[in-house]
Undergrad: 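The structure follows.
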Amino acid sequence: MVAPKGAAGGTGQKTFNDKSKPMMMRANNIIAAKALADLVRTSLGPKGMDKMIQSPTGDVTITNDGATIMKTIEVLHPAAKMLVELSQAQDIEAGDGTTSVVVLCGSLLTACEKLLRMGLHPTQISEAFGKAAAKAVEVLESISQPIELTDREALVKCASTSLNSKVISQYSGKIAPMVVDAVLKVQHEGYCDLRDIKVIRKLEGTIDDSELIDGVVFDKKVSHGAGGMDRATNAKIAMVQFCLSPPKTDLDNQVIVSDYAQMDRVLREERQYILNICKKIKKSGCTVLLIQKSILREAVSDLALHFLAKMKILVVRDIEREDVDFLCKSLGCKPIASVDDFVADKLGTADCVEEMSIGSSKVIKVTGPHVTDARTCSILVRGSNQLVLDEAERSIHDALCVVRCLVKKQALIVGGGAPETEISIQLTEYAKSLAGAEAYCFREYAEAFEVIPFTLAENAGLNPIATVTQLRTRHNAGEKTAGINVRKGAITDINEENVLQPALVSISALTLATETVRSILKIDDIVNTR
């Protein structure tokens, strides 16, 4: 009996053409990513809920900041990890909109599911989504309004909008102006480095007691050992990165002292060594000494503190390595790595360096014209407990990022789901001019944007379907700034409610979300390696 032609390779051909595995793989990836998007969806908007996250060590975090939630939860699925990275990317790029970007990504993945069920190829969907994202950015830029950095009131409104969805929203009237003043002070020709704004947290008091300090405040105490001073006027400040303590042997070496004469000689040498260092410091005219923290040996010995106190030099020790750049920039001093380089040119100047009491703890405040003119500032945040302080710091960081976005791209759009509804309507209209598979993809992409107004209405306890329908009607009638007012529970002109946000936040969110969706679509298998 002769086998039919080509029957031998039949099984291999069948396996090769089997499309069920890539389809299952895509379905699994989409389900995992959507599960993560649904988790943070309830946290969107001013009426969004908070999440309580408990770490394995028992530490509790209460937050509704998308980036913090995504960073602290443990994610195992590789596709879901892409959403965690997406929220981190949005946090770096814009600082705000970290929840919106994940929710939008989940909605776009739902749209992909529908299109894949229709039989469209993932590459077709991916290319169409890329074009649709470019069109959506054009829509956002057409409805944005330019802003000048001199318009402080508009900047404060933007910072307040960012703070409205946070736990500390009732204090937005106090914090928003602080944040705007801080960014305007450190920005220079459209560039703003948030590392120049130091946020210092102190327990006791309420968030209302927080303040922007025009000068430098650092969370350290003056070394009072051996009768040290706690105030210095017309100060010459030095930042040292070497130790004022006797040198030690290597870890595996030992020095054996056999009699008291040798011991006295060792102590005498130590004393002379430290005294010589202190004399060189005094000779340069230094009156305030900041000493970087050392992990190899103690940064400053009691004997050195005794000599420095006699020389009337105020000592602050254990300055963290990451604070060195900020302090040097603020005080105008240069870090000194060796006692031989200790010269007057490397010292900074200040009118006054003093220790202040805040509640039951102490901080050091430096004031003076040079410190005020430096492009740095400090925000002192107060709070009744650690959870409130942590959330206040995260909220201030988001607000700082929002104002930084406006410095980078000076354009504003309204909030309240208005821009997303406008994108949805304009892209749906544009899809009518297209033909074939692309038209379907554009229509689904446009519909996915309705998840933002839908979720805002749902979280505010409104009827989401009726609210979104009414919102679409208003936008079709030409009211481009109509949005959901969660306080009044109705559709109003959001511009009049002063709910404004930087255009960069929304542009970044939709481009990053689309890129992530396109990446997930292109994956058809997961291969484990050893």
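One-based numbering along the sequence shown.
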Undergrad: Rounded at 0.5 Å granularity, tell me how far CG in Leu331 sits from CG in Leu290.
TA: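 Spacing of CG (Leu331) from CG (Leu290) equals 6.5 Å.
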Undergrad: Within the distance-only criterion (no hydrogens, no angle test), does the side chain of Thr98 pair as donor or acceptor with the backbone N or O of Ala67 below 3.5 angstrom?
TA: yes
Undergrad: For side-chain hydrogen bond (donor to acceptor under 3.5 Å, both in side chains), just list the numbers for Asn459 and Lys47, CA-CA rounded to whole Å, side-chain angles, deciding distance to a tenth of an Å, and then say yes or no.
TA: CA-CA 6 Å; Asn459 289 350; Lys47 301 275 179 173; over 6 Å; no
Undergrad: With no hydrogens and no angle check, just 3.5 Å: does a side-chain donor-acceptor pair link Tyr171 and Ser395?
TA: no
Undergrad: Between Glu391 and Arg394, does at least one N-O distance fall below 4.0 Å, as a salt bridge requires?
TA: yes
Undergrad: Any carboxylate oxygen within less than 4.0 angstrom of a Lys/Arg side-chain nitrogen, looking at Asp219 and Lys202?
TA: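 Judged by the 4.0 Å cut-off on N to carboxylate O distance, Asp219 and Lys202 do form a salt bridge.
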Undergrad: Other residues, nucleotides and ligands only: do more than 12 of their heavy atoms fall within 6.0 Å of CD1 on Ile465?
TA: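 It does not: Ile465 CD1 has 12 such atoms or fewer within range.
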Undergrad: Using 0.5 Å steps for rounding, measure from the CD atom of Gln410 to the CG atom of Leu149.
TA: 4.0 Å
Undergrad: Indicate the atoms forming the closest heavy-atom contact of Val505 with Asp96, along with that distance.
TA: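 It is CG1-O, 3.7 Å.
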Undergrad: Would you say Ser43's side chain and Gly48's backbone share a donor-acceptor pair under 3.5 angstrom?
TA: no
Undergrad: Is Asp91 salt-bridged to Lys71, going by a charged N under 4.0 Å from an acidic O?
TA: no
Undergrad: Tell me whether the count of non-hydrogen atoms from other residues, nucleotides or ligands lying under 6.0 Å of NZ in Lys409 goes above 12.
TA: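 No, the 6.0 Å shell around NZ holds no more than 12 heavy atoms from other groups.
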Undergrad: Regarding Thr68 and Lys51, do their side chains bring together a donor and an acceptor under 3.5 Å, going by distance alone?
TA: no
Undergrad: Kindly say whether Asp209 contributes a backbone atom to a donor-acceptor pair with the side chain of Arg382 at under 3.5 angstrom?
TA: no
Undergrad: I need the minimum non-hydrogen distance between Val60 and Met52, along with the two atoms involved.
TA: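 The pair with the smallest heavy-atom distance is CG1-CG, 3.5 Å.
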Undergrad: Looking at Glu354 and Lys365, is any side-chain nitrogen of the basic one under 4.0 Å from a carboxylate oxygen of the acidic one?
TA: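 Result for this pair is no, no salt bridge flagged.
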Undergrad: Just by distance, do the side chain of Thr516 and the backbone of Leu512 share a donor-acceptor pair under 3.5 Å?
TA: yes
Undergrad: Measure across Ser378 and Phe326 and return the closest heavy-atom pair with its distance rounded to 0.1 Å.
TA: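 The pair with the smallest heavy-atom distance is OG-CZ, 4.0 Å.
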Undergrad: Using every non-hydrogen atom in the two residues, find where Leu406 and Ala411 come nearest and quote the distance to one decimal.
TA: CD2-O, 3.6 Å
Undergrad: Identify, with sequence neighbours excluded, every residue that meets side chain to side chain donor-acceptor pair (under 3.5 Å) alongside Ser210.
TA: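 Not a single residue meets the side chain to side chain donor-acceptor pair (under 3.5 Å) criterion with Ser210.
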Undergrad: Are the side chain of Ser172 and the backbone N or O of Ala176 linked by a donor-acceptor pair below 3.5 Å?
TA: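 Answer holds: no.
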Undergrad: Report, one line per pair, each donor and acceptor closer than 3.5 Å where one atom sits in a side chain of residues 414-423; sequence neighbours left out.
TA:
unit_1, atom_1, unit_2, atom_2, d
Thr421, OG1, Gly417, O, 2.7
Glu422, OE1, His475, ND1, 2.8
Glu422, OE2, Gln426, NE2, 2.8

Undergrad: Should the pair Asp390-Arg201 be classified as a salt bridge under the 4.0 Å nitrogen-to-oxygen rule?
TA: yes
Undergrad: Could you go step by step and tell me if Arg375 and Asp193 meet the salt bridge (charged side-chain N to carboxylate O under 4.0 Å, His left out) rule?
TA: CA-CA 10 Å; Arg375 290 188 182 278; Asp193 188 352; over 6 Å; no
Undergrad: Checking Glu444 now: which residues fulfil side chain to side chain donor-acceptor pair (under 3.5 Å) with it, not counting sequence neighbours?
TA: none
Undergrad: Do the side chain of Lys185 and the main chain of Thr376 share a donor and acceptor less than 3.5 angstrom apart?
TA: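 It does hold such a pair.
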Undergrad: Between Thr57 and Ser55, does any side-chain donor sit less than 3.5 Å from a side-chain acceptor?
TA: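 Yes.
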Undergrad: In this structure, are over 12 heavy atoms from other groups packed under 6.0 Å from Lys334 atom NZ?
TA: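 No, NZ of Lys334 has 12 or fewer neighbouring heavy atoms, counting only those of other groups under 6.0 Å.
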Undergrad: Taking only Lys NZ, Arg NE, NH1 and NH2, and the carboxylate oxygens of Asp or Glu, determine whether Glu113 and Arg26 approach each other closer than 4.0 Å.
TA: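 A salt bridge is absent here (no side-chain N lies under 4.0 Å from a carboxylate O).
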Undergrad: Answer yes or no: is there an ion pair linking Lys488 with Glu497, defined by an N-O contact shorter than 4.0 Å?
TA: yes
Undergrad: Other residues, nucleotides and ligands only: do more than 12 of their heavy atoms fall within 6.0 Å of NZ on Lys174?
TA: yes
Undergrad: Can you confirm whether more than 12 heavy atoms, excluding those of Met49, are under 6.0 Å from its CE atom?
TA: no
Undergrad: Report yes if the side chains of Leu521 and Ile523 come closer than 4.5 Å at any heavy-atom pair, otherwise no.
TA: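 Counting from C-beta outward, Leu521 and Ile523 never come under 4.5 Å.
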Undergrad: Given the rule in the side-chain hydrogen bond (donor to acceptor under 3.5 Å, both in side chains) test, do Gln90 and Ser508 qualify, once you have shown the distances and angles that lead to the verdict?
TA: CA-CA 7 Å; Gln90 174 72 2; Ser508 164; 2.7 Å; yes
Undergrad: May I ask you to decide if Arg41's main-chain N or O and Thr455's side chain share a donor-acceptor pair within less than 3.5 Å?
TA: no
Undergrad: Do the non-hydrogen side-chain atoms of Leu108 and Tyr445 ever get within less than 4.5 Å of each other?
TA: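 Side chain of Leu108 against side chain of Tyr445, heavy atoms only: contact under 4.5 Å found.
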Undergrad: Kindly indicate whether the side chain of Phe454, heavy atoms from C-beta on, has any atom under 4.5 Å from the side chain of Thr467.
TA: no
Undergrad: Just checking, is any N or O donor in the side chain of Asp208 or Thr206 under 3.5 Å from an acceptor N or O on the other one?
TA: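 No, Thr206 and Asp208 have no side-chain donor paired with an acceptor closer than 3.5 Å.
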Undergrad: Is it true that Asp196 and Lys329 make a salt bridge, defined as a side-chain N closer than 4.0 Å to a carboxylate O?
TA: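 Judged by the 4.0 Å cut-off on N to carboxylate O distance, Asp196 and Lys329 do form a salt bridge.
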Undergrad: Can any side-chain N or O of Ser107 pair as donor or acceptor with the backbone N or O of Ala448 at less than 3.5 Å?
TA: yes
Undergrad: Considering all heavy atoms of both residues, which atom of Met82 and which atom of Ser519 are nearest to each other, and what is their separation?
TA: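 Met82 and Ser519 have their closest heavy atoms at CE-CB, 3.4 Å.
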Undergrad: Is it true that Lys114 and Glu447 make a salt bridge, defined as a side-chain N closer than 4.0 Å to a carboxylate O?
TA: yes
